[in-house]
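Reviewing the structure listed below.
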Amino acid sequence: MLEPKKTKFRRHHRGNRRGLATKGAHVAFGHYGLKAIESGWVTARQIESSRIAISRGVRKVGKMWIRIFPDKPITAKPAETRMGKGKGTPEYWVSVVKPGRILFEVDGVSKEIAEQIFRDAGHKLPIKTKMVLRRDF
């Protein structure tokens, strides 16, 4: 699964999920992209699950790009632990996704196949998504 090799700080603040995506909001590599419609956290497991669903559809004829990376650690304290004694240990990694962000891209497949691939991948994610075309395509 995806996670950073090295980080500057072990624990992060939760932050806010308001606003629209400014970077990574257009299809840059492939002809078709999976775009986020709402904001949320996408975990490394969910990215991996979507990646497998897409690679099954693309097979050897097409190419796939993953445009998000889980670089935010989410901490959790053990169950039935008393309050205090600091912040919990990092449990898993998430990518902060805002509306408009392109999550995955594919190329080398027909539009119908791309729609089916992204529908399957979208079911693996905790946010609403839609398929978009490249602007100059």
Side-chain angles (χ1 to χ4, degrees):
M1 267 186 289
L2 297 171
E3 78 174 57
K5 287 189 180 89
K6 186 179 151 189
T7 58
K8 193 167 185 180
F9 300 105
R10 277 184 67 208
R11 301 175 175 109
H12 284 201
H13 289 294
R14 280 172 148 1
N16 71 61
R17 292 175 234 176
R18 287 180 303 216
L20 302 173
T22 53
K23 293 182 169 81
H26 67 279
V27 180
F29 303 102
H31 283 344
Y32 309 104
L34 184 67
K35 187 178 208 171
I37 296 175
E38 37 180 42
S39 62
W41 286 344
V42 180
T43 68
R45 285 177 182 272
Q46 290 161 347
I47 295 170
E48 178 67 12
S49 166
S50 298
R51 184 195 67 80
I52 290 167
I54 292 170
S55 62
R56 276 200 191 109
V58 171
R59 291 286 174 196
K60 294 179 181 177
V61 293
K63 190 160 168 47
M64 172 188 63
W65 290 269
I66 303 172
R67 297 280 308 272
I68 55 174
F69 186 81
D71 56 354
K72 182 187 187 81
I74 301 301
T75 62
K77 296 193 79 162
E80 300 179 10
T81 305
R82 291 185 178 187
M83 292 286 106
K85 298 204 182 347
K87 194 169 166 83
T89 57
E91 293 292 312
Y92 57 96
W93 296 85
V94 299
S95 176
V96 178
V97 173
K98 293 185 176 182
R101 178 75 190 207
I102 301 295
L103 309 174
F104 297 94
E105 293 184 24
V106 295
D107 196 4
V109 294
S110 68
K111 185 175 181 180
E112 295 76 31
I113 293 172
E115 284 173 352
Q116 182 60 43
I117 288 169
F118 285 144
R119 191 178 310 116
D120 294 342
H123 288 308
K124 312 279 184 197
L125 298 171
I127 56 176
K128 288 182 184 169
T129 58
K130 70 174 183 179
M131 187 185 106
V132 291
L133 296 167
R134 190 173 187 152
R135 275 189 227 146
D136 56 352
F137 178 60

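These numbers were taken from a predicted model, which means no experiment stands behind them. Count residues from 1 along the sequence.
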**Request:** Using atom types as modelled and distance alone, determine if a side-chain donor or acceptor of R134 lies under 3.5 Å from a backbone N or O of Y32.
**Result:** no
**Prompt:** With side chains defined as the heavy atoms from C-beta onward, is the minimum distance between H123 and R119 less than 4.5 Å?
**Reply:** yes
**Item:** Any P70 side-chain heavy atom under 4.5 Å of I47 side chain
**Value:** yes
**Message:** Do T7 and W93 have side chains that approach each other closer than 4.5 Å (heavy atoms only, starting at C-beta)?
**Reply:** yes
**Message:** I'd like to check D107 versus H31 (side-chain heavy atoms, cut-off strictly below 4.5 Å). Are they in contact?
**Reply:** yes
**Asked** Do you reckon I54 sits in the same ILVMFWY cluster as V109, going by side-chain contacts under 4.5 Å, direct or chained?
**Response** yes
**Asked** Is there a donor-acceptor pair under 3.5 Å between the side chain of S39 and the backbone N or O of R17?
**Response** yes
**Item:** Transitive ILVMFWY cluster of V94, excluding itself - 4.5 Å side-chain cut-off
**Value:** W41, I74, Y92, V96
**Request:** Mind checking side-chain hydrogen bond (donor to acceptor under 3.5 Å, both in side chains) for D71 and listing every partner two or more places apart, or none if nothing turns up?
**Result:** none
**Asked** Linking I/L/V/M/F/W/Y whenever any side-chain heavy atoms sit under 4.5 Å apart, do L34 and V42 land together?
**Response** yes
**Message:** Under a 3.5 Å distance rule, please check whether E105 uses its side chain to pair with a backbone N or O of W65 as donor and acceptor.
**Reply:** no
**Prompt:** Does R101 offer a backbone N or O that forms a donor-acceptor pair with the side chain of K23 under 3.5 Å?
**Reply:** no
**Request:** Show which residues join V27 in its hydrophobic cluster (side-chain heavy-atom contacts under 4.5 Å, direct or indirect), or state none.
**Result:** I102, V132
**Message:** Using a 3.5 Å distance criterion without hydrogens, assess whether the side chain of K124 forms a donor-acceptor pair with backbone atoms of R45.
**Reply:** no
